[in-house]
Peer 1: 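One structure is given below, represented as structure tokens, and several questions about it will come after.
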Amino acid sequence: MRKKRFLITGGCGFIGSQVLQNLLKTPHEIFVIDNLSTGDWSWILERRIDLKICDIRSTNALEYILDVAPHYVIHLAAQTDIPTSIEQQHLDADINILGTLNVMLACKKVANFERFVFASSAAVYGNNTKLPLKEESQIQPQSPYGMSKSICEQYLSLNKNMDGFPYCALRFANVYGNKRQDKKDVISNFWDEFIQQRAPTIFGSGRQTRDFIFVDDIAEALILAIDIKDSGVYNVSTNEQTSINEVFQRIGNLLQIELDPVRKAPRLGDVYSSCLSNQKFRAATGWKPAYTLQTGLEKLREIKMKETLHATKSSDVVI
Ligand SMILES: NC(=O)c1ccc[n+]([C@@H]2O[C@H](COP(=O)([O-])OP(=O)(O)OC[C@H]3O[C@@H](n4cnc5c(N)ncnc54)[C@H](O)[C@@H]3O)[C@@H](O)[C@H]2O)c1
């Protein structure tokens, strides 16, 4: 395997950390840009990873990219919270659109640059109800966040058409795993509340569905995407839909805790049902998800049990 330079923006985040773990198993050189707004860098310190703490919108980021001259960029840094994208539309567009442009334009100046892998989202499809959604399905974002991802895809496509800029935009379904940040996804929220014996909140009827994909599967897909020959958009998903009520039941069963949910009105910007066909990405890479929702939740339980055990051992010091 020839050693290449990988730059991961947002490498300290939830998905980025898993991508770094996978890359550490390869001989490739690893570089990270992160402003640590939601990321955690503590575990990176003793690893062979070069971390530049800066904002993707800054000239520092641009200069760093030119210095590193990466072969591949996996661009994950973003404002990822949908309610924030509604309340602070300027901020969302600034980070997600202008920040992405800053990184992409820097990559265009790098000689021998090979591919830009962009973290897009199922949010670009909005409330399109013709499931499973395919890459050519109609785009109708319901939030500024979804809109920002769709606009970035269009910039990438435009630059590919203008001068052959090589890219892959991966539209992730709902990613779950061992999230540490405050702003969490539905699975992490349910999990934490079950553990604390607090009734989890279900917005709307709970019959709305999502396509839940385990973070390890996403990290593997992001690295495989560098070898895709055809620039364009690809769904990365399980092609299965599960209702929020079922997720609630499954987590309760797994943790052997019985609670009734608190039911609240649906949230603005939330889509009703979501399921993405992963056929195109599977055909291009040979990838397929290793985890079902059940095996992913079991793996999550294993990780959390190890963490608890580790925390108990560390605090178990005799003075
Ligand atoms: N988690 C999901 O379910 C999901 C689904 C679809 C798409 N995505 C996309 O995947 C990517 C990663 O998501 P995540 O869940 O790991 O989010 P995350 O918030 O855990 O990670 C984002 C990382 O980017 C960094 N960051 C944010 N703004 C920055 C800026 N202006 N400059 C430099 N660094 C910055 C943060 O500190 C953090 O480390 C995002 O682009 C997100 O939109 C995530």
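Order of appearance sets the numbers: ligands from 1, and atoms from 1 within every ligand. This is a predicted model, so every value here is computed, not measured. Each residue takes its place number in the sequence, starting with 1.
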Peer 1: According to salt bridge (Lys or Arg N to Asp or Glu O under 4.0 Å), who are the partners of R115, at least two apart in sequence or on a separate chain?
Peer 2: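 Partners of R115 under the salt bridge (Lys or Arg N to Asp or Glu O under 4.0 Å) test: none.
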Peer 1: Give the atoms of ligand 1, by number and element, whose distance to some non-hydrogen atom of C54 is under 4.0 Å.
Peer 2: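 The list of qualifying atoms is 32 (N), 33 (C).
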Peer 1: At a 4.0 Å cut-off, with the gap strictly under it, does some heavy atom of S37 reach an atom of ligand 1?
Peer 2: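 So S37 counts as touching ligand 1.
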Peer 1: Would you say ligand 1 has an N or O under 3.5 Å from any N or O of K149?
Peer 2: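 The answer is yes, given that K149 and ligand 1 share an N or O pair closer than 3.5 Å.
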Peer 1: What atoms of ligand 1 come within less than 4.0 Å of a heavy atom belonging to L36?
Peer 2: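 Numbered from 1, ligand 1 contributes 37 (O).
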Peer 1: N/O to N/O below 3.5 Å, does that happen between T38 and ligand 1?
Peer 2: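 Yes; at least one N/O pair falls below 3.5 Å.
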Peer 1: Counting heavy atoms only, which part of S120 comes closer than 4.0 Å to ligand 1: side chain, backbone, both or neither?
Peer 2: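 Under 4.0 Å from ligand 1, S120 contributes backbone atoms alone.
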Peer 1: Could you check whether the rings of F194 and F248 sit parallel, tilted or perpendicular, using 30° and 60° as the cut-offs?
Peer 2: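 Ring orientation, 0 to 90° scale: tilted.
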Peer 1: Atoms of ligand 1 less than 4.0 Å from T80 heavy atoms?
Peer 2: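 Ligand 1 atoms under the 4.0 Å threshold to T80: 13 (O), 17 (O), 19 (O), 40 (C), 42 (C), 43 (O).
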Peer 1: I97 and Y155: side chain to side chain contact (heavy atoms under 4.5 Å, CB included), yes or no, with the steps?
Peer 2: CA-CA 9 Å; I97 303 174; Y155 267 109; 4.3 Å; yes
Peer 1: Quick one: which residue pairs count as a ring-ring contact (aromatic ring centres under 6.0 Å, His included) with a foot in residues 41-72, not counting sequence neighbours?
Peer 2: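 For residues 41-72, and leaving out neighbouring residues, the ring-ring contact (aromatic ring centres under 6.0 Å, His included) pairs sorted by first residue read F6-Y72.
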Peer 1: When you measure from the side chain of D211 to the backbone of N239, do you find a donor-acceptor pair of N or O atoms at a distance under 3.5 Å?
Peer 2: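 Yes, the answer is positive, given that a donor and an acceptor are paired below the 3.5 Å cut-off.
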Peer 1: Judging by distance only, is a nitrogen or oxygen of A77 under 3.5 angstrom from one on ligand 1?
Peer 2: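 Among all N and O atoms of A77, none is under 3.5 Å from an N or O of ligand 1.
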Peer 1: Polar contacts were defined as any N/O atom of the residue lying under 3.5 Å from an N/O atom of the ligand; does this apply to I95 and ligand 1?
Peer 2: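 No, no N or O pair falls under 3.5 Å.
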Peer 1: Any nitrogen or oxygen of G16, main chain or side chain, under 3.5 Å from a nitrogen or oxygen of ligand 1?
Peer 2: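 Looking only at distances, the answer is no, because the N/O contact criterion of under 3.5 Å is not met.
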Peer 1: To which of D34, I33, N35, I15 does the heavy atom nearest atom 30 (C) of ligand 1 belong?
Peer 2: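 Answer by nearest heavy atom: N35.
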Peer 1: Are F214 and Y291, when compared by the centres of their aromatic rings, separated by less than 6.0 Å?
Peer 2: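 That pair passes the under 6.0 Å test.
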Peer 1: On a heavy-atom basis, which atom in K149 and which in A78 lie closest, and how many Å separate them?
Peer 2: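 Minimum heavy-atom contact is NZ-CB, 3.9 Å.
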